Every structure is written in structure tokens, then in C-alpha cells.
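Quick note on labels: first sequence line is chain A, next is B, and so on, each numbered from 1. Note that the coordinates shown come from a computational prediction; the quantities given were computed from them, not determined experimentally.
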Amino acid sequence: MGLEDLQHNFLTGRVEDLVKWARRNSVWPVTFGLACCAIEMMSVGAADFDISRFGMEVFRASPRQADLMIVAGRVSQKMAPVLRQVYDQMMEPKWVISMGVCASTGGMFNNYAIVQGVDQVVPVDVYAPGCPPSPEMLLHAILTLHEKIRTGEITRRRAPQAQRPEELAGWVPERPDAIRLGTPR
Amino acid sequence: MTDRDHTATDAPAGVDPESPFVRETYEGAQELAPRAATATEELEREVGSVLRLPESHGVDMSDIDIEYPDDETMIINMGPQHPSTHGVLRLMMELDGETVLRTKPIIGYLHTGMEKTAEELTYQQGSTNVTRMDYLSPLNNELVFSLATEKLLGIELPPRAVWIRMLLSELQRMSSHLMWLATNGMDVGSTTMMIFGFRERELVLGFFEKTTGLRMNHNFIRPGGTAADLPDGWEDDVEVILDNVSSRLGDYDDLLTGQPIFRERMEGVGALSADEALNLSATGPILRSTGIPWDLRRTMPYLAYDEVDFDVIIGTYGDNFDRYAIRLNEIRESVRILWQVLDKMPPGDYRVQDKKVTPPPRARIDESMEALIHHFKIFTEGFKVPEGEVYVAIESPRGELGCYLVSDGSSKPYRLHIRAPSFVNLQSLPVMMHGGLVADAVATISSVDPVMGEVDR
Amino acid sequence: MELSLPGVARATGHDGHELLFPDRARYHDVVAAHREAGFEMLSSLTAVDYLGHPGRTLPPEVAPERFELVAILLSLGQVKRVRVRVQVPEHDAEVTSVWDLYRGAEAMEREVFDMYGISFTGHPDLTRILMPEDWEGHPLRKDFGVGRVPVQFKHAPGPR
């Protein structure tokens, strides 16, 4: 993403803050509403819980134009490859909020049909529990994400993405706290 | 997760399997195949042969004037993730230019195994599972499940429980139709309508939060009655809702009904005839838009719907505009019913006083050993339901919502099948879209009002 | 107005609906007869797997099999529902489709096929509908496990 290699001095430190300010104040979500949580997500976009005050009311339909994927709802076995494909199409920097218990851990549906946690398919930045999380809880999750962007934890955490299983085999993370992304397909 | 490696034989005809563009989301035989690979019976749909009784088992395709060789038509995919707000429905359409010939909805992207889960949960817990099927009107799901269980148990509810359920059911209908107006408005392009619809809906959801504890997926209507009584001052809250909604319905009329662009987009689009609707098992606003006055609240009344006065709204042409008008007016009828419920709400118990079925009030648990034991048994083992099978149907905002419940005498359902109206109504989508323009696809899907949670369960 | 259907067992259900128990060979004819008699709509079509059921109430002349196909027909004119229950054996799980009578049966029969493995002869497009195309097994059968994943700190993945 171009920020983690900077050796900071006074000027570039300021530039990084500016970039992070811009990134967190216009995070555009991609429409990935699946189930009941999608309705609460739409409520967040509507009048009472206005998400527009955070600059996020533009839910882009195209993942190429979006920064954030709010996985709102239960991910079934049939939907998991679609989820991964939409995630792959998003441009860096990108973030994922797993909204609701079904997306975070499978929720109340511990069975053959639901992927037990969307982090088996995509890397997640913020987990928002609730069934469904009320719009205030989703806004709290979004603000937590803004906080993460502001403090720059995001830039430190990501490891280089590999696309092919052969590249991932035998891969060792460079930084001990980095996370191996996703499941090789 | 199953292994989804695709071999060369899996790719669709004409596609190089080594190409990086072969989709990982290929669903095989569930997708729309090119004409050469499609059975005659399936192609029949295109010529409107829904009603041609196939004593001869099918239309001879060479009888039809226009023949479409494969390279003249285009099969496009409107993937499970798309801007239309109606959930993860995947549509494959075959187009001749801009005209839609065949449509195939591919569903299953939200399949949650709820019917299997229901076999693992007790009847007391069943509401939590069933309520997440049609997530726009969760109380209706709970209602149909509770009615089916009570029929098997053979218990009768006190009148207040019945009327509380009716109050919630009608408020739910109102909130579901407001949500539909909002999403339909957004799909057609009117973001103002979306803001209006959600704003009104927040009033109703605020009342639900006060009464049931949650804005959605309430788990409030349980076998035996409801989980708790209505809060103090509920009449005032409901009056505020009714006054607000009634006055703002006029705003929606001004915004949409007379507006030429809206009318052009909705009139004549997605038309369905009465015979087609019946044959395709469509119910709810779709059936009523074709002119058939079938509303289960009027024809096969449940709860106390025979004691309140309301009209059944029907349409004439079976097009999108009729369905919009029906849903708008059904909000008015719900308001009318709710005014009557406000007057007629009886006092009394909010749940049946059968100790084996409904848990005791929490205060009694400290006082009585028996109450403690009953509470324990109901919440761990569950109450046992006699062996049998029933089918109960109610009128949800989308159509006939039915529950087929088979019990084996234990405390968990042996088989729970929910007849979801959206699952069945989706079958009328290809018929509605045939011959229309692809740009009307989103508007037509929206007027069918599918909720993918109940389509896939 | 009751249809005369010789040789088909009848009963009345808990909910007051008329129950019919044709055998597989006569199922399609029984449904066709009802369609002629004014049952315009097929409300619902589903199946039940009775493996492990302690004992269901059936008329004496009906031989129980593992699967039971349940079709619910609705007459708008007579405001009446009829439930048609067909016994389907496990080794030969095949029934005639009623798609030619009711187009609305298409998705319902596909769902029964997907969830139970019962095939329908005469169905235009008998493919899976809810599960992914390469899924193996039929989830709603009683010998198909729920697929529960063991959860940390919960001692055993058994029934709740």
C-alpha cells in the first residue's frame, strides 16, 4: 500500500496522517447485504441513523469502486466463492466488517449449510456481534474501523497477497504478527 | 466446504476451461443453458405455454414463427451480488437485443438449513429459528409456527393473546409494505421514497423495540401466546404511528402515483394473467393484482380477522403498477384494522395458562418449587407435542405463508416445512419478464417482492 | 362435494383438512381429478422422511414407506384444502411429476429432489435448487447429519 516502507520524518509523517484522514472519512461500502443484517445496514444508510455524516452513504454496486465490504448476513456454502470473488475484485486498501453473528462465527446456524465465520473466506478487520446488530452497533463498528485506519494498525498488519496455491505453499510470514490471508483456492 | 475444483468437463459450452475468466461461481446444471442444450419443455415457457395442457406433452417448437439460433441471443448473468436491493437472487437471462426471452432465477445463495435446524430445537426455541426466514415480517413467521404447534397441542388461546398477535401482525404488515415501498422506490430510482419508507418504518420498529425488545427477529410470538404483555401506554404509541403513517401516505401518492415517469416504468410492465398466476401458485399481491380477491384473512380467517372490518384490494391488469397500488392501499387497510384493534383489545391473559406449555412468571419461580420445575422442564427439555401433522396458512405481506408440521410425540418437531410465499412467487418471474426489456428486470423483481431468507430457508 | 376416488384411502387431519392416501401409481390421476374438480392451485409440495419415527397415524390399508410426499391442493371456489400423501419407498424413490398440471410445482419438486433425493419423472429441469451443484447427499434425510462444528468450550457436539 506504499505507506509501510516510509521512514518517517516530520513531512512524511504529516502526509501519512493526511492520507489516513482521507481514507477513513470516505470509506465507500460495496453492497453485500445478504440477510436480515442487510435490512439493518439499509437502516443505517437511511434517515434515522444517517451514515452519510461519515461520508459513507454511497454504497457502490461495483466492487472495483468500493473500499469496504460489510458482510451483512449469513454466508452459505453456495455464496462463499462469490464472496471471495467480490473481495478479490476490490482494490487495495480494502477492509471488511463482519456484521452480525452469522457472518462472524456462523451464529445460531451451526450446520451443514452455513460457513462458520466469514473469516474462513476473507480476512476480517472488525467483527460486529448482534442478531442483527442494531444500527448503533454497526455505527460503532464503523467508527472502530475508522479508528483502526487512523492509528495505522491496518498498514502494519497485512502480508503480501498471493493468488496461486503454489506461491502460498511453504510461505512464512516476514513479520511474526502478520496473518496468512484467506484459504488457498 | 466441499472441494470445488472444476475439471475441463465442467465449463459451459464454448468456454475454454483454462481461460482465467472461467468463473469459480459456476453452478452447473442450475444455470440457464444455451438453446441447443435445453429441453423442449423448458423452452416452452418462452411461448407462454404455461396453460397449454400438454396432453401431447409439449409444443412443437418448429410451429413458432421466430426461431432463435444460438448466436443471435445472448445469455447474461445478473449475479448474486447486484445493486437491486432484493437480496442474493441470481438471474440468468437470455436476451434478443434488449428483449428478454427466457429467465432463470438461481437461488440457494442464502440456504441456511433452517428446516434441518428446526428438528434440533424444541418448540419453545423454534420461534428463534423460524423468525429469520422472512426477515421483513418476522412476527408472521413466528405466528404461523405457533399456530401450527397450538393446533397439534389442541389448546385454545385467551382472547387478549389473539388480539395482541393481530396487532403485531398488522403492524408488521405495515412495516413490510413500507419497506417494500422504500426498496421499490430505490430500485426504480426514487431515493426520496427510500428515505420516506425507512423513516416511517422506524416508528413501527421503535414500537416493536418497546414491546418485544428487538427491532427485528423478535422471538415474541411463541406457542401458547406471546412472550410478554403489551407495555403501558401502548395505545398512545400506536396512535402516534397510525396518525403519522396515514398523513404521509398522501405524500407517497403525490410522489409516485401520479408521476409520469413512475407510471411509464410500472404500467404494463411485468403483466401476469389470472390463469397464469393460479397455475404458478402465486399468492398475495401478485394474485390479487390479476383480479382474484383471494386473501386468507378474509377467506380462511385466522386469529380474529373475522371480527374486524377491512377491504381486500384487487387490481385489474396484473402489472407492476397494480401491485404497487395494492401494497400502498394495504397499508391503509392495516391502519383501518389497527384503529379497530385499539378499540377492541380485550383485557386478560397474554398467554394460555397451561403450566406444561407456557413458563411461569419469573417471580413465581422464587416462591414455588413446582413453578421452578416447570420452568426448568420447558426451557431444557421442552414441552411434548402429541403425534400428528398439520398445515396452517396465514396471509403474510408476500402471500400465503404456510407451516407443515409433523410431530412424533417428542419435544422437537419431527419435520417442519415452511411454505414460503416468495419461493413460489419467484416462479412467476420468468413469465412476467418474458417479452419485456432487460431494463425492466429490476423493477419486475422488485414488484414480486422476494425475500431471499424465505426463498432459500 | 367429495370426489369419488375408488380405492384411495381417506382420513381427516388434525386441522380438519381432508387427507388422501393414493399409491404412487395413482397419485398423478388423483391430482388431475382434483384439478378438474376445481382445485385451481397447488399450495405446497413437500416430503417427509419417516426414518426413525416411532409410529405415525395411517389408515390401515396404507403401507408405510420411508418417504412420504405431501401435496396440498387448494380450491379457491370451494375455499377448501386437500392433502394428498403418497408413500415413496427408499430403494425406488421416484414419483410422477405434476408439473404438467400445475406449473407452480416446478420449484417445489426441485426442492424435494434436492433435499430428499426423490426424482420426478416428467419434470423439465430436475436439478438441485438450494445446494451447490456439486454437493453430495440430500440434507433433509434423517441419516444426513446436521453438520454441527464443535465449538470451543462446549463439551460435546450432541443434540441440545
Measure across [X] and [Y] and return the closest heavy-atom pair with its distance rounded to 0.1 Å.
X	Y	result
A:Lys78	B:Ile107	NZ-O, 2.7 Å
A:Pro132	B:Asn217	CD-ND2, 3.7 Å
B:Gly108	A:Ser76	O-OG, 3.6 Å
A:Arg74	B:Thr112	NE-OG1, 2.8 Å
B:Tyr109	A:Val82	CE2-CG2, 4.1 Å

Can you check whether [X] reaches [Y] side chain to side chain, under 4.5 Å on heavy atoms?
X	Y	result
A:Ser134	B:Glu209	no
B:Val88	A:Met79	yes
A:Cys102	B:Arg132	no
B:His111	A:Tyr112	yes
B:Glu120	A:Asn110	no

Can you tell me which portion of B:Thr128 sits under 4.5 Å from chain A's heavy atoms? Options are side chain, backbone, both or neither. both
Sort B:Asn129 into side chain, backbone, both or neither according to what part of it lies under 4.5 angstrom from a heavy atom of chain A.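 Backbone plus side chain of B:Asn129, per the 4.5 Å heavy-atom cut-off to chain A.
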Strictly less than 4.5 Å between heavy atoms, which residues of residues 443-457 of chain B line up against chain A? Please order them by number.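 Those residues of residues 443-457 of chain B which have a heavy atom under 4.5 Å from chain A are B:Gly453.
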Residues of residues 193-205 of chain B under 4.5 Å from chain A (heavy atom pairs)? B:Met194, B:Ile195, B:Phe198, B:Arg201, B:Glu202
Give the member of A:Ala47, A:Cys131, A:Gly33 that has the highest number of heavy-atom pairs under 4.5 Å with chain B.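 With the most close heavy-atom pairs to chain B, the winner is A:Cys131.
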Portion of A:Ala35 that has a non-hydrogen atom of chain B nearer than 4.5 angstrom: both
Measure distances from A:Phe59 to the heavy atoms of chain B and classify the residue's part below 4.5 Å as side chain, backbone, both or neither. neither
Could you state the interatomic distance from CD1 (A:Ile39) to CE (B:Met216), rounded to the nearest 0.5 Å?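 If I round to the nearest 0.5 Å, the distance is 5.5 Å.
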